[in-house]
Peer 1: 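Mind looking over this structure? Questions follow.
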Amino acid sequence: MNPPTLEKRETVKTKVKTIGTMGAEVRVRFAPSPTGPLHIGGVRTALYNYLFAKGGGGRFILRIEDTDSQRFVPGAEEYIIEALSWCGILPDEGVEGGKVVESPSSKHPYAPYRQSLRGDIYSRYAQQLVEAGSAYYAFDSAEELEKLRKEAQERGEGFLYNYQNRESLSNSLSMPKNEVERRLKESRDWVIRFKVSPNRKVELYDLIRGEILIDSNTIDDKVIWKSSDSLPTYHLANVVDDVEMKITHVIRGEEWLPSLALHYLLYEALGWEEFRPQFAHLPLLLKPDGKGKLSKRDGERLGFPVFPLEWREGDKEVSRGFREDGYYPEAFINNLALLGWNPGGENELFTLQELVESFSIDRIVHSGAKFNVDKAKWFNQEYLRKRDIGALALELSPILKENGVDIELSKVEEAIALVGDRIAFVDQIWKESDYLFKAPSQLDPKLKSKVWNDNSSRQLKELSNIISQIENFTPPNIEEEIKNYIKENSLPMGQVMNTIRLMLVGEGKGISVAQIIYFLGKEESLSRLSKSL
RNA sequence: GGUCCGUUCGUCUAAUGGUUAGGACUCAAGAUUUUCAUUCUUGCAAUAGGGGUUCGAUUCCCCUACGGACUACCA
């Protein structure tokens with residue numbers, strides 16, 4: 001069971017492909033913990049798992065890792081499912097009708113997919129490990145351990161519960177049998193620790209990073225099962241479920257890399273080396289400015305969402321979501337996919353299907369990526385431009401309603417066509433086209449002082465006359481008539497045009513004057529022009 | 001402190017021993033324009049440092065620096 005010796009990424013790719021075509025179906029899982037909303041790093045992990053599975057004709061499984069009863073947050077599980085669904089990342093297994101599946105069926109053969117419902121399975125294996133001498137009962141109190149950690153820290157060392165001190169701590173290795181039995185019966189305060197054997201060089205293999213060699217003396221005897229809630233910790237639950245659920249590839253965040261050696265040892269102790277999946281540890285998503293990994297607080301601090309959907313904690317705390325901020329899921333996913341992976345060409349725009357087709361683990365980047373909100377906006381702009389005008393009109397309707405505009409859809413579509421390439425988000429359409437639906441309530445004083453003079457009133461009156469008499473009322477004609485007037489009277493073009501704009505728009509923005517007049521129609525245009533008089 | 005992972009423009013990245021080190025976002029300038037935008041063109045901008053190996057290193061090796069993760073009866 002030695003890890004393969006592979007130097008080049010090229011070779012790794014071949015290996016991954018081979019496994020996919022050797023008959024064994026690719027099965028990957030995304031295994032979040034329902035302790036709060038999924039953040040974009042988690043979404044990216046789910047996405048990469050999904051892309052890898054779909055690219056190899058495999059299955060993508062959602063498993064809920066709720067073995068920490070203390071940190072469970074109501075609503076988090078539903079949030080995770082809804083967020084993935086918004087992104088178009090639909091699990092093949094583990095969730096049905098928006099709910100995590102709790103009993104086995106042909107489609108969901110390894111149910112339940114919620115770990116808190118699988119307690120018996122883990123305790124059986126935990127027991128097995130103890131009986132085999134690979135694990136032991138430990139009774140040390142939190143206070144005792146805390147004290148030891150503190151002391152170690154004061155000496156400038158780290159505390160490890162391992163071969164060096166396990167004989168002198170309170171556990172089944174150091175106590176007489178009857179004392180152990182008494183304690184097991186009397187309290188719910190004990191745990192099972194994995195017994196790491198000393199002086200071993202554990203050879204790990206990561207699909208992204210290659211070979212890693214770990215000295216077993218640096219690993220500590222992790223708690224794998226706790227009697228307080230009769231549930232395992234991540235390490236055991238993970239290994240057991242990945243094997244039970246026939247997972248072939250574990251694609252997870254880099255924060256797990258330090259415990260990979262422990263996991264290898266666990267597979268070994270359970271006699272499961274041949275079922276051990278392949279591992280790929282993803283680089284982390286980092287804060288856009290300073291240092292460290294992206295966190296919930298960064299979104300608030302920097303003014304952009306870090307969650308796919310809005311999240312409410314009680315009634316007070318609200319965290320923004322990309323969906324609520326007006327991002328399209330396609331744009332969001334596209335952006336995320338390229339944060340830590342890229343297919344090598346110069347194209348940056350990919351549909352989910354195209355991502356599936358081009359994704360490969362060997363092109364995952366090795367270093368962490370800082371999230372950049374400008375780029376995220378750019379992606380959204382690209383997707384908005386590709387969007388059908390009819391769809392945009394529907395998306396804009398609620399905003400129009402909010403602003404008291406009641407107008408037929410065809411007119412809305414016409415307006416969107418005029419301003420469509422100026423915006424990145426639907427709500428910007430309103431900001432860029434409000435003057436097409438509503439007369440300005442006030443005139444920008446800055447523009448006014450720049451363009452308004454003693455002749456302006458007279459000019460507007462004369463222009464109103466001209467406009468009212470245009471028979472072939474089209475933008476080019478309107479423009480020509482206005483320009484003729486300016487020419488005949490030898491007036492400065494910019495000044496006159498901007499005076500008209502001032503009256504129509506109220507400020508120095510917007511599409512061409514002729515286009516505006518055409519869109520508004522004679523009556524409304526003339527009404528706006530006459531307001532100054 | 002210890003263990004592990006990483007390091008190419010400000011940011012995301014391409015180039016896996018031979019390129020004027022490429023693209024995208026941002027920014028700047030110019031062109032277009034009646035305004036604001038858009039669009040187009042151009043520009044600014046990087047191989048962390050030091051040693052090797054080699055005819056030749058962004059690329060392979062070592063050291064240093066820096067960054068990150070982990071170091072819970074959390075995942």
Side-chain angles (χ1 to χ4, degrees), chain A residues 7-10 31-35 65-68 70-71 138 140-142 145-146 149 152-153 155-160 189-193 204 206 208-209 212-215 217-220 222-229 231-235 237-238 252-261 281 283-284 286 288 291-293 335 338-348 365-379 419-423 432 447 450-451 479 482-483 486 492-502 505 507-514:
Chain A
E7 275 104 31
K8 299 218 165 191
R9 282 198 255 165
E10 196 64 31
S33 181
T35 54
E65 309 225 330
D66 56 347
T67 53
D68 185 357
Q70 305 287 310
R71 290 206 313 156
D140 316 271
S141 70
L145 292 173
E146 189 49 43
R149 279 194 194 95
Q153 202 179 10
R155 290 195 303 271
E157 294 166 17
F159 174 75
L160 285 183
D189 225 14
W190 49 271
V191 297
I192 295 176
R193 282 182 185 271
L204 312 176
D206 180 88
I208 296 171
R209 286 152 223 282
I212 301 166
L213 203 64
I214 300 288
D215 181 349
N217 292 354
T218 66
I219 310 173
D220 73 345
K222 283 280 176 216
V223 170
I224 56 171
W225 202 83
K226 45 211 158 75
S227 68
S228 57
D229 54 8
L231 284 172
T233 61
Y234 175 85
H235 306 290
N238 212 258
R252 77 227 295 195
E254 198 183 10
E255 69 269 26
W256 293 112
L257 197 49
S259 41
L260 183 58
H281 290 88
L284 266 14
L286 308 170
K291 307 155 188 311
K293 64 174 174 179
N335 182 204
L338 263 29
L339 236 41
W341 169 84
N342 80 87
E346 284 180 359
N347 179 27
E348 296 190 275
V365 174
H366 294 173
S367 51
K370 291 178 178 157
F371 182 80
N372 184 306
V373 72
D374 283 325
K375 191 79 185 229
K377 288 176 182 167
W378 175 80
F379 273 106
V419 302
D421 55 4
R422 313 164 78 94
I423 54 183
E432 287 297 331
L447 180 66
K450 206 169 146 195
V451 299
E479 182 168 337
I482 296 174
K483 282 186 174 167
I486 291 170
M493 171 96 110
Q495 188 260 323
V496 177
M497 283 296 196
N498 281 323
T499 308
I500 306 173
R501 177 178 299 281
L502 175 71
V505 179
E507 54 188 305
K509 71 167 189 187
I511 56 175
S512 84
V513 162

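So you know, we letter chains A, B, ... as the sequences are listed, proteins then strands, and number each from 1.
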Peer 1: Distance criterion of 3.5 Å, no angle test: do you see the side chain of R422(A) paired donor-to-acceptor with the base of U38(B)?
Peer 2: no
Peer 1: Applying a 4.0 Å non-hydrogen cut-off, can you work out what R501(A) is touching in the nucleic acid: base, sugar-phosphate, or nothing?
Peer 2: base
Peer 1: Tell me: CD of E348(A) to P of G23(B), nearest whole Å?
Peer 2: 12 Å
Peer 1: Could you let me know what G1(B) is paired to, Watson-Crick or G-U wobble, both distances under 3.5 Å, or none if it's on its own?
Peer 2: U71(B)
Peer 1: Which residues pass the ring-ring contact (aromatic ring centres under 6.0 Å, His included) test with W190(A), not counting sequence neighbours?
Peer 2: Y137(A), W225(A)
Peer 1: Could you tell me the Watson-Crick or G-U partner of C25(B), where both distances fall under 3.5 Å? Say none if there is no partner.
Peer 2: G10(B)
Peer 1: Keeping the roles fixed (side chain from D140(A), backbone from L145(A)), state whether a donor-acceptor pair exists under 3.5 Å.
Peer 2: no
Peer 1: Please list, chain by chain and in numerical order, all residues satisfying salt bridge (Lys or Arg N to Asp or Glu O under 4.0 Å) with R422(A), sequence neighbours excluded.
Peer 2: E432(A)
Peer 1: Using OP1 and OP2 only, check whether a side-chain N or O of N342(A) sits under 4.0 Å from A14(B).
Peer 2: yes
Peer 1: Both distances below 3.5 Å, Watson-Crick or wobble geometry, any strand: find the nucleotide opposite G18(B).
Peer 2: C55(B)
Peer 1: Rounded to whole angstrom units, what separation is found between the CD1 atom of I212(A) and the P atom of A69(B)?
Peer 2: 17 Å
Peer 1: Using a 4.0 Å heavy-atom cut-off to protein, can you give one letter per nucleotide of nucleotides 70-75 of chain B, 5' to 3': B if the base is in contact, S if only the sugar-phosphate is, - if neither?
Peer 2: SSSBBB
Peer 1: Pick the P atom in G50(B) and in C55(B), then give their distance to the nearest Å.
Peer 2: 22 Å
Peer 1: List the residues meeting salt bridge (Lys or Arg N to Asp or Glu O under 4.0 Å) with R209(A), not counting sequence neighbours, and say none if there are none.
Peer 2: E254(A)
Peer 1: When we call it a touch if two heavy atoms are under 4.0 Å apart, what does I219(A) touch: a base, just sugar-phosphate, or nothing?
Peer 2: nothing
Peer 1: Once you round to the nearest 0.5 Å, how far does CD1 of I192(A) lie from NZ of K226(A)?
Peer 2: 12.0 Å
Peer 1: Using Watson-Crick or G-U wobble geometry with both distances below 3.5 Å, tell me the partner of A31(B), or none.
Peer 2: U39(B)
Peer 1: Can you name the residues that form a side chain to side chain donor-acceptor pair (under 3.5 Å) with N217(A), not counting sequence neighbours?
Peer 2: Y163(A), N199(A)
Peer 1: Take the protein atom CD of E432(A) and the nucleotide atom C1' of U35(B), then report the distance between them rounded to whole Å.
Peer 2: 12 Å
Peer 1: Which pairs, protein N/O on one side and nucleotides 39-50 of chain B N/O on the other, fall under 3.5 Å?
Peer 2:
residue, atom, partner, partner atom, Å
U39(B), OP1, R385(A), NH1, 2.9

Peer 1: Under the rule for salt bridge (Lys or Arg N to Asp or Glu O under 4.0 Å), what residues qualify as partners of E157(A), not counting sequence neighbours?
Peer 2: R155(A)
Peer 1: With sugar-phosphate meaning primed atoms plus P, OP1 and OP2, does G344(A) contact a base, only sugar-phosphate, or nothing at under 4.0 Å between heavy atoms?
Peer 2: sugar-phosphate
Peer 1: Mind checking what makes salt bridge (Lys or Arg N to Asp or Glu O under 4.0 Å) contact with D189(A), not counting sequence neighbours?
Peer 2: none
Peer 1: May I ask you to say what G420(A) touches in the nucleic acid, namely base, sugar-phosphate or nothing, with a heavy-atom cut-off under 4.0 Å?
Peer 2: nothing
Peer 1: Of all residues at least two apart in sequence or in a different chain, which pass the side chain to side chain donor-acceptor pair (under 3.5 Å) check with K509(A)?
Peer 2: D434(A)
